[in-house]
Amino acid sequence: LYYGLSCMILGIRQLIVGSNTIYYFFKDFSWYWGIKIAHLTFYLTIILFSRYILYFYKEKKNYIYKSYQIIFMVLSIILFFVSIKTLNDITSISIYLLPVVLLDIVYMIFKNRKSSHGRIFLILFVIFSLFIINDVLYFLGLINTSYLSSLGFLFFFLGQANLLSSLFSKAFMKVETLSSTLQISYQELELTKERATQAYLDLEASQKQLVQSDKMITLGTMVAGVAHEINTPLGAIKANSENISEQMKSLVESLNPEKKDISLSELQMVIRILELSGNTGTTLSSKEQRTLRKKIVSELETKGIQ
């Protein structure tokens, strides 16, 4: 932007100062305003071009630059309110200030000479500065040449155009490379996202399977416990039933050794006797049990029951 504005301002200046073309096409154009516009374009060119150098090299803290920028801005404003004689005095001040501007710009360029375009920039500007110094010395009457700044501007700005086009070309190539890299990274990111999604689904399925397995393990443990709790009394009942069956068979054989079988009524009577013998309501000692057993046997024998 600053480069383009500098070129435009210089083009306007050449129409007024260099070739007087504006007076050829506009014969009624005021010579007074022509002088002021010539001075204004001179100040604006210095302001814009120094800003171009500043931003080109990304300089941040340059107090000399800020000082002469303010001076030339003030001169650009007050030239509209002064006479031609005062304007010439102001121009003398700006001419003496110009070497400071050139040295500051050379310093910024020299400071960044190690960059990829720094040396080319420095060479172009040194040549351009020689043309400007020639004009200053010619203006002061120290040398007898002519104004050559137009040729210096042409040479320098053509070199700048070539330099900027090269930088833009490299920038676009870098953008294309970065775009390709970004596209590849985006594709890899999408692939990673798909893998992460699939891994998440697999993990979720594994978690569900683990939860189901945990439930089955818990259920199996509970069923095993319940089965154990059921089997324990069942086993006891079965064992007791078998024992009772054997004891009943032994009892029947001992009651009537000659009979292998016993009728239902006889069995009921035996069970009733056993029930009555167990319903004493008290806990008997061994001696009492023997005494009671003898008494029952005696009663049964009295009644003719073997």
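Just so you know, residue 1 is the first one in the sequence shown, and it goes up from there.
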S.K.: State whether the side chain of S166 and the backbone N or O of N162 hold a donor-acceptor pair below 3.5 Å, judged by distance alone.
M.R.: no

S.K.: State which residue, out of V175, T177, L182, fulfils the side-chain contact (heavy atoms from CB on, under 4.5 Å) condition with S179.
M.R.: V175

S.K.: Mind checking the CD-OG1 spacing from E288 to T291? Nearest 0.5 Å is all I need.
M.R.: 7.5 Å

S.K.: Parallel, tilted or perpendicular: which describes the rings of F49 and F128, with under 30° parallel and over 60° perpendicular?
M.R.: tilted

S.K.: Determine whether L191 and Q187 make a side-chain contact, defined as any pair of heavy atoms from C-beta on separated by less than 4.5 Å.
M.R.: no

S.K.: Flag yes if I133 and L142 sit in one hydrophobic cluster, no otherwise; membership is Ile, Leu, Val, Met, Phe, Trp, Tyr, and two members link when side-chain heavy atoms are under 4.5 Å apart.
M.R.: yes

S.K.: So which heavy atom on Y138 is nearest to which on T145, and how close?
M.R.: CE1-O, 3.3 Å

S.K.: A quick test of your reading: do over 12 heavy atoms of other residues, nucleotides or ligands sit less than 6.0 Å from CG of N144?
M.R.: no

S.K.: Which distance, rounded to the nearest 0.5 Å, do you find between the CE of M8 and the OG1 of T45?
M.R.: 10.0 Å

S.K.: Check this for me: Q209, atom CD, are more than 12 non-hydrogen atoms of other residues, nucleotides or ligands nearer than 6.0 Å?
M.R.: no

S.K.: Taking the side chain from S165 and the backbone from A161, do they hold a donor-acceptor pair closer than 3.5 Å?
M.R.: yes

S.K.: State, to 0.1 Å, how close L48 and S6 come at their nearest heavy-atom pair, and which atoms those are.
M.R.: CB-OG, 3.4 Å

S.K.: Look up atom CD1 in I37 and atom CD1 in I12, then write down how far apart they are to the nearest 0.5 Å.
M.R.: 8.5 Å

S.K.: For the pair T221 (side chain) and I217 (backbone), establish whether a donor and an acceptor sit closer than 3.5 Å, ignoring hydrogens and angles.
M.R.: yes

S.K.: Can you confirm whether F72 sits close enough to L75 that some side-chain heavy atom of one is under 4.5 Å from a side-chain heavy atom of the other?
M.R.: yes

S.K.: Atom CD in Q183, atom CD in E188: separation rounded to 0.5 Å?
M.R.: 11.0 Å

